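Data first, discussion second: the structure below is written as structure tokens.
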Amino acid sequence: MRRKFRRIRLSKVKLAQSFYQRQNVVQIAKELIGKVLVTSVNGLLTSGVIVETEAYSYKERGCHAYRGLTGRNKVMFEPGGVAYVYLCYGIHQMVNVVTNQRWKADAVLIRALRPLEGQDVMIGRTRASSVKKITSGPGKLTRAMGIGQNHNGLSLQGNEIWIEDRNVQVPRAGIADSTRIGIDYAGDDARLPWRFSLKGSEWVSK
DNA sequence: TACGTGATCACG
DNA sequence: GTGATCACGTAA
């Protein structure tokens with residue numbers, strides 16, 4: 001009984017499909033600052049407050065979907081509300097949330113978290129000596145959260161990976177914008193101020 | 001500042 | 001097939 005009640009409460013705070021399926025990926029990237037990314041992998045729950053994101057739109061050159069559908073990016077073309085996970089530099093898993101409507105292949109890259117639950121699990125996965133800095137970067141946080149290719153295409157309404165609103169208040173002025181990292185190939189689009197971070201957070205990547 | 005790392009993509 | 005490239009992280 002008690003267990004059931006808890007389940008219902010938890011599912012209620014999950015961000016709904018309607019959050020992800022809006023048109024404005026830049027707005028969504030901003031709103032994701034302060035939300036909580038959660039994974040449950042092999043029964044181990046980990047979570048963290050999102051403190052850094054980047055927006056990507058299929059209309060600009062920084063985006064994997066800019067040149068159309070390929071084997072790697074196909075889940076970006078699904079309706080918003082699924083995870084897009086890909087391998088970068090042969091080593092690092094990167095996690096995005098797909099947004100917008102089907103075929104409007106926008107996504108938000110999750111770049112950094114402040115750890116909440118399961119910190120001991122994150123330390124174990126990364127073989128770090130402490131929780132310090134283990135989620136301050138897109139490649140590091142996926143390792144800490146246990147995110148890999150098996151998450152690619154999963155619905156964020158499911159029970160493996162999702163995002164919650166825990167009513168953390170983030171004032172508009174508390175969010176910094178800057179250019180996105182590592183997309184020099186994007187020409188002028190590399191100058192778009194589509195990276196967002198929580199001002200003053202020690203968990204933001206360098 | 002340098003480079004490991006391996007899947008992916010655009011060539012033919 | 002093949003080769004260039006890559007939404008990073010760490011060591012130095």
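Protein chains get the first letters and strands the later ones, always in sequence-line order, with residue 1 at the start of each. Quantities reported herein were computed from a predicted structural model and do not represent experimental measurements.
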Connected to A/Val41, directly or through other members, by ILVMFWY side-chain contacts below 4.5 Å are none
Whole-Å distance, A/Lys133 NZ to C/dT10 P, equals 12 Å
Excluding A/Tyr66, membership of its hydrophobic cluster (Ile, Leu, Val, Met, Phe, Trp, Tyr; side-chain heavy atoms within less than 4.5 Å) reads none
Whole-Å distance, A/His64 NE2 to B/dC9 C1', equals 12 Å
Exercise. Contact class for A/Arg72 vs. all strands (heavy atom < 4.0 Å): base, sugar-phosphate, or nothing?
Worked result: sugar-phosphate
From CD1 of A/Ile134 across to C1' of C/dG9 the rounded distance in Å is 15 Å
- Message: Using a 3.5 Å distance criterion without hydrogens, assess whether the side chain of A/Gln149 forms a donor-acceptor pair with backbone atoms of A/Val85.
- Response: yes
_Is it true that A/Ser47 and A/Glu117 share a donor-acceptor pair across their side chains at a distance under 3.5 Å?_
yes
Could you tell me whether A/Gly90 contacts a base, only the sugar-phosphate backbone, or nothing, with contacts defined as non-hydrogen atoms closer than 4.0 Å? base
CE of A/Met122 to OG1 of A/Thr135, rounded to nearest 0.5 Å, is 6.5 Å
For residues 165-206 of chain A, the ring pair (Phe, Tyr, Trp, His ring centres under 6.0 Å) pairs (sequence neighbours left out) are none
Using a 4.5 Å side-chain heavy-atom cut-off and chaining through intermediate ILVMFWY residues, the residues clustered with A/Leu87 come out as none
Could you check whether any side-chain N or O of A/Arg180 sits under 3.5 Å from a backbone N or O of A/Ala55, counting only pairs where one atom can act as donor and the other as acceptor? yes
What residues 182-190 of chain A contributes to the DNA chain C interface at heavy-atom separation below 4.0 Å is A/Gly182, A/Ile183, A/Tyr185
Numerically ordered, the residues 92-102 of chain A set in heavy-atom contact under 4.0 Å with DNA chain C is A/His92, A/Met94, A/Asn96
Between CD1 of A/Ile181 and P of C/dG9 the distance, given in whole Å, is 10 Å
Taken to the nearest whole Å, CZ/A/Arg195 to P/C/dC8 is 11 Å
Joining Ile, Leu, Val, Met, Phe, Trp and Tyr whenever any side-chain heavy atoms lie under 4.5 Å apart, the cluster holding A/Leu44 also takes in A/Val121
Whole-Å distance, A/Tyr86 OH to B/dC9 P, equals 12 Å
Side-chain contact check for A/Met76: nearest option of B/dA10, C/dA7, C/dC8 is C/dA7
Does CZ in A/Arg114 sit with more than 12 non-hydrogen atoms of other residues, nucleotides or ligands closer than 6.0 Å? no
Looking at C/dA7 and A/Tyr56: do their rings stack (centroid distance under 5.5 Å, interplanar angle under 30°)?
yes
Listed range with range, the stems formed with DNA chain C by at least 3 consecutive Watson-Crick or G-U pairs (under 3.5 Å) are B:1-4 with C:8-11, B:6-11 with C:1-6
Q.
Can you see whether A/Gln101 engages A/Trp103 through a side-chain donor-acceptor pair at a distance of less than 3.5 angstrom?
A. no
So, with a heavy-atom separation below 4.0 Å from DNA chain C, the residues of residues 105-112 of chain A are A/Leu109, A/Arg111
- [ ] Check the side chains of A/Thr46 and A/Thr39 for a donor-acceptor pair under 3.5 angstrom, ignoring hydrogens and angles.
- [x] yes
For A/Arg195, is there any backbone N or O sitting under 3.5 Å from a side-chain donor or acceptor partner on A/Asp177? no
request  = Would you please confirm or rule out a distance under 4.0 Å between OP1 or OP2 of C/dG9 and any side-chain N or O of A/Lys206?
outcome  = no
Is the closest side-chain donor-acceptor distance between A/Ser205 and A/Glu52 under 3.5 Å? yes
Below 3.5 Å is the cut-off: list the nitrogen or oxygen pairs between protein and nucleotides 1-4 of chain C, distance only.
none

### Task
Using a 4.5 Å cut-off on heavy atoms from C-beta on, say whether the side chain of A/Val108 contacts that of A/Val25.
yes
Are there more than 12 heavy atoms of other residues, nucleotides or ligands under 6.0 Å from atom NZ of A/Lys35?
yes
Under a 4.0 Å heavy-atom cutoff, the residues of residues 25-35 of chain A touching DNA chain C are none
Tell me whether A/Tyr20 shares a hydrophobic cluster with A/Leu154, the cluster being built from Ile, Leu, Val, Met, Phe, Trp, Tyr side chains joined at under 4.5 Å.
yes
Rounded to whole Å, CG of A/Leu87 lies from P of B/dT8 at a distance of 8 Å
Between NZ of A/Lys140 and P of C/dT10 the distance, given in whole Å, is 5 Å
**Prompt:** Can you check whether A/Thr70's main-chain N or O pairs, donor with acceptor, with A/Asn73's side chain at less than 3.5 Å?
**Reply:** yes
Taking for A/Gln149 and for A/Ile91 the nucleotide of DNA chain B with the nearest heavy atom, the one nearer the 5' end belongs to A/Ile91
Across all chains, not counting sequence neighbours, the ring-ring contact (aromatic ring centres under 6.0 Å, His included) partners of A/Tyr58 are none
